[in-house]
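Worksheet: one structure, shown below.
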Amino acid sequence: MEHQLDWALAACARILRPVVRLALAMGVKHPHLEVLLRDLLLEEAKRSWRQQGVAKPNISQLSVTTGLNRKAVTAKVRDTVDALPHTEISAAAKTFTLWLQMVSENQSFQRLPITSEGDDAPSFETVARLGSRGNVHHRTILDELVRLNMVAEQDGYAELKANGFVPVDDLQSMLAFLGDNGRDHLLAAVSNTLGEEPRMLERSVYARGLGLQDCENIHQVVRDRWAALHLELAGEMNRAVDRAPEGATGRMRVGIYTYYEDEAAPGAPPVPAQRDKGTR
């Protein structure tokens, strides 16, 4: 279509603006982003050709697809290095989520003995063994949760201090969650935009012209509703993993977000005069 390129670039600009904000805040410069974008273009171009049945696209095919010259294509000798942990395989997160489920059913589980005391009562050790499928020692998981300030340890007991796995005291972990959550949210939206099947759930409700206190009140409503849904989904996913056949390769992430700001704050872009609301 005549304006397709302009529309796509406008969408990319909206998506990339917060990415650029993060990059500047973290000290990332233009040369870093330029190399990263080139490498991602080539990796995605290879993926696109493989989907079309070309196992190993040549330099000319990659050059035409990406718009990069042949020298830039040949300069890429290895895949992009990912320096962040992958949140979906975090033993600490899985253990924390399982523990949170237990607490929702029985508040007395908020505080657990670290090791088994010889009876049927649960302990942090048993929760960690279940959460990590026995792949990580419970002491390692506990130390990580204590470091992240989500669990307190005292006199042989561990106690939950948070109601969600949000490692705010660990920049690397927060960046990992930002990358994984943002990636999968955008993958759902991109998949829908490109008409891929199955259609993914990707919806939002929006409004402009609200008081900031009302924004925060609505934010709290969403937090409360998500807390219940989060536990329900975590339980269903755990059961799905347990009944999955050997070698199953499905991956799933379900998320929710809320964002609000004062559009009249210094440095904010111009705001349309009218109020508006809607859904997508």
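Count residues from 1 along the sequence. These numbers come from the heavy atoms of this one structure, side chains and all, not from hydrogens, waters or symmetry mates.
Residue D143 qualifies as enclosed at atom CG: its count of foreign heavy atoms under 6.0 Å is above 12. Around the CD atom of Q154, the shell of radius 6.0 Å holds no more than 12 heavy atoms that belong to other residues, nucleotides or ligands. Sparse packing is recorded around CZ of R17, with 12 or fewer heavy atoms of other residues, nucleotides or ligands lying under 6.0 Å away. For R14, the CZ atom counts as loosely surrounded, since its 6.0 Å shell holds 12 or fewer non-hydrogen atoms of other residues, nucleotides or ligands. At most 12 heavy atoms of other shown residues, nucleotides or ligands fall within 6.0 angstrom of atom CZ in R225.
Residue pairs satisfying the ring pair (Phe, Tyr, Trp, His ring centres under 6.0 Å) criterion with at least one member in residues 228-256, sequence neighbours excluded, are listed as follows: W226-H230.
A salt bridge links R243 with E236: the closest approach of a Lys/Arg side-chain nitrogen to an acidic carboxylate oxygen falls below 4.0 angstrom. With respect to R251 and D184, a salt bridge is recorded, a charged nitrogen being found less than 4.0 Å from a carboxylate O.
Residues T95 and R129 bring no donor and acceptor atom of their side chains to less than 3.5 Å of each other. Remark: the N192 side chain and the E196 side chain contain no N/O donor-acceptor pair separated by less than 3.5 Å. In summary, the side chains of Y259 and E261 do present a donor paired with an acceptor at a separation below 3.5 Å, with no hydrogens or angles considered.
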Test log, rule salt bridge (charged side-chain N to carboxylate O under 4.0 Å, His left out), inputs K161 and E153: CA-CA 10 Å; K161 294 177 59 180; E153 178 186 0; over 6 Å; no
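Contacts of Y257 classified as ring-ring contact (aromatic ring centres under 6.0 Å, His included), with partners at least two apart in sequence or in another chain: H185. With sequence neighbours excluded, the residues forming a salt bridge (charged side-chain N to carboxylate O under 4.0 Å, His left out) with E44 are R47, listed by chain and number.
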Side chains of residues 62-70: which donor-acceptor partners sit under 3.5 Å, not counting sequence neighbours?
unit_1: S63; atom_1: OG; unit_2: L68; atom_2: O; d: 2.5
unit_1: T65; atom_1: OG1; unit_2: W49; atom_2: NE1; d: 2.9
unit_1: T65; atom_1: OG1; unit_2: Q61; atom_2: O; d: 2.8
unit_1: T66; atom_1: OG1; unit_2: L62; atom_2: O; d: 2.8
unit_1: T66; atom_1: OG1; unit_2: L68; atom_2: N; d: 3.1
unit_1: N69; atom_1: OD1; unit_2: K71; atom_2: N; d: 3.1
unit_1: N69; atom_1: OD1; unit_2: A72; atom_2: N; d: 2.7
unit_1: R70; atom_1: NH1; unit_2: S60; atom_2: OG; d: 2.7

Indicate every side-chain donor-acceptor pair of residues 18-33 with a distance under 3.5 Å to a residue at least two apart or in another chain.
unit_1: H32; atom_1: ND1; unit_2: K29; atom_2: N; d: 3.0

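Hydrophobic cluster of L98: the remaining members, joined at side-chain heavy-atom separations below 4.5 Å, are F96, W99, L100, M102, V103, F109, L112, I114, F124, V127, L130, V136, I141, L142, L145, V146, L148, M150, V151, L160, F165, F177, L231, listed by chain and number.
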